[in-house]
Amino acid sequence: MCKGLAALPATCLKSAKDIKHKIGFLLQKAEPVQEQKPVKEKEKPAVEKSSAPIDTEKWKSSFNNLVNNDVGRAAFTAFLKSEFSQENIEFWVACEDFKRTPAAEMQAKAKQIFKQFIDVDSMNEVNLDSATREETLRNLEKCDVTCFDEAQSKIFTLMEKDSYRRFLKSKLFLDLSQPCRDEKHCGLERKGTFTEINHCLLSHCA
């Protein structure tokens, strides 16, 4: 006949409680493992979808597609650095940034861009004819979003007709166009920050 829990020694009750506690702990510990499996399966496509966007076919279809894509522009910049002509894309990017500058800050930023890229013997002088250089200097007086339009257009055309064509034939572009076969492509096809991708591209061209 069962005499109930009260008839059991105190040590037995303590042992039973300890066992119950351990079983409960193990069950709680095991539950997240069971729940994680379907979560990981659901998240897997999202990770693949967020991989670095490397669409070389679009880059090849037009220079505009290339420079307006973050990774494409980074790849092109890395290529220009290998040719010591990165000032062209840096000037183009500076002009794009200038267009988003608040009106109160435009004058100062315009002078800085002119001094860095356009002024004769400037630190990163771009290849502009004297007429465009003088026109841009006059534009500094009114200083609106169109201030560098002509100069930027000239440099864009210069890159499109010259550097861009060589870039499409470069080892960097051809490597990026190949499907990923192994782990030796610096993780360009895998998820990564833009800084990491940019660093990898620069290393590739070094």
Side-chain angles (χ1 to χ4, degrees), residues 52-129 131-140 142-173 175-177 186 188 192-206:
I54 299 180
D55 192 346
T56 54
E57 286 302 311
K58 283 188 177 180
W59 301 355
K60 190 163 56 175
S61 66
S62 81
F63 182 55
N64 193 57
N65 286 341
L66 174 69
V67 296
N68 283 291
N69 174 268
D70 285 344
V71 180
R73 189 169 60 254
F76 185 62
T77 300
F79 172 74
L80 291 183
K81 285 185 177 181
S82 72
E83 293 196 332
F84 304 100
S85 59
Q86 68 268 23
E87 68 276 358
N88 291 323
I89 191 65
E90 289 173 356
F91 171 66
W92 185 88
V93 170
C95 291
E96 289 296 292
D97 180 64
F98 174 76
K99 294 172 185 177
R100 298 186 291 270
T101 302
E105 301 173 15
M106 274 191 168
Q107 186 75 44
K109 182 166 282 190
K111 288 181 178 179
Q112 180 185 351
I113 292 172
F114 188 90
K115 183 178 180 180
Q116 182 178 355
F117 295 104
I118 301 178
D119 205 4
V120 178
D121 297 326
S122 56
M123 182 174 22
N124 304 109
E125 185 181 354
V126 292
N127 188 13
L128 290 171
D129 58 88
T132 304
R133 196 186 308 273
E134 290 170 8
E135 178 186 343
T136 307
L137 180 59
R138 289 193 297 271
N139 289 343
L140 294 183
K142 59 177 183 179
C143 198
D144 57 21
V145 291
T146 66
C147 188
F148 295 102
D149 279 3
E150 183 64 21
Q152 185 184 19
S153 177
K154 290 282 180 71
I155 295 303
F156 181 92
T157 301
L158 177 66
M159 291 189 292
E160 183 178 31
K161 291 183 176 180
D162 185 30
S163 306
Y164 173 56
R165 294 179 182 180
R166 291 198 303 279
F167 170 73
L168 295 180
K169 297 177 183 178
S170 69
K171 184 179 184 300
L172 172 59
F173 179 77
D175 283 351
L176 291 174
S177 300
C186 300
L188 283 173
T193 65
F194 176 69
T195 302
E196 291 168 343
I197 292 170
N198 193 34
H199 176 72
C200 172
L201 290 167
L202 291 174
S203 299
H204 191 101
C205 284

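Note: hydrogens, waters and symmetry copies are ignored here, and every other heavy atom, side chains too, is used.
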Heavy-atom pair of closest approach, residues [X] and [Y]:
X    : Y    : answer
L172 : A78  : CD2-CB, 4.4 Å
R133 : L128 : NH2-O, 3.0 Å
N88  : N127 : OD1-N, 4.4 Å
M159 : L80  : SD-CD1, 4.3 Å
L176 : A75  : CD1-CB, 4.0 Å

Sequence neighbours excluded - salt bridge (Lys or Arg N to Asp or Glu O under 4.0 Å) pairs with any residue from residues 145-161: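 Applying salt bridge (Lys or Arg N to Asp or Glu O under 4.0 Å) to every pair that reaches into residues 145-161, excluding sequence neighbours, yields D129-K154, E150-K154.
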To the closest 0.5 Å, what do you measure between [atom1] ([X]) and [atom2] ([Y])?
X    : Y    : atom1 : atom2 : answer
I54  : S177 : CD1   : OG    : 9.5 Å
I113 : S122 : CD1   : OG    : 12.0 Å
L168 : S163 : CG    : OG    : 11.0 Å
S82  : K171 : OG    : NZ    : 12.0 Å

Those residues that, when tested against R166, pass salt bridge (Lys or Arg N to Asp or Glu O under 4.0 Å) (two or more places apart):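 By the salt bridge (Lys or Arg N to Asp or Glu O under 4.0 Å) rule, R166 matches E83, D162.
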The criterion is salt bridge (Lys or Arg N to Asp or Glu O under 4.0 Å); which residues satisfy it with E134, sequence neighbours excluded?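 Testing E134 for salt bridge (Lys or Arg N to Asp or Glu O under 4.0 Å), a comparison that skips the adjacent residues, returns none.
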Charged N-O contact under 4.0 Å between E135 and R138: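 No, this pair does not count.
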Give the ring-plane orientation class for Y164 versus F76, where under 30° counts as parallel, over 60° as perpendicular and anything between as tilted.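 Ring orientation of Y164 relative to F76: perpendicular.
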Non-neighbouring partners of [X] that pass side-chain hydrogen bond (donor to acceptor under 3.5 Å, both in side chains), sequence neighbours left out:
X    : result
Q152 : E96, K99
D119 : none
T146 : D144

Mind checking what makes side chain to side chain contact (heavy atoms under 4.5 Å, CB included) contact with [X], not counting sequence neighbours?
X    : value
L137 : F114, L140
T101 : F98, E105, M106, K109
K115 : none

Hey, are the side chains of F148 and I118 touching, using non-hydrogen atoms and a 4.5 Å cut-off?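 A side-chain contact under 4.5 Å exists here.
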Result of checking F167, W59, F84, F173 against F79 for ring pair (Phe, Tyr, Trp, His ring centres under 6.0 Å):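 Single pass found, and it is F167.
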Donor-acceptor list for residues 61-68 side chains, cut-off 3.5 Å, not counting sequence neighbours:
residue: S61; atom: OG; partner: K58; partner atom: O; Å: 2.7
residue: S61; atom: OG; partner: N65; partner atom: ND2; Å: 3.0
residue: S62; atom: OG; partner: N65; partner atom: N; Å: 3.0
residue: S62; atom: OG; partner: N65; partner atom: ND2; Å: 3.2
residue: N64; atom: OD1; partner: N68; partner atom: ND2; Å: 3.0
residue: N65; atom: ND2; partner: K58; partner atom: O; Å: 3.3
residue: N68; atom: ND2; partner: N64; partner atom: O; Å: 2.9

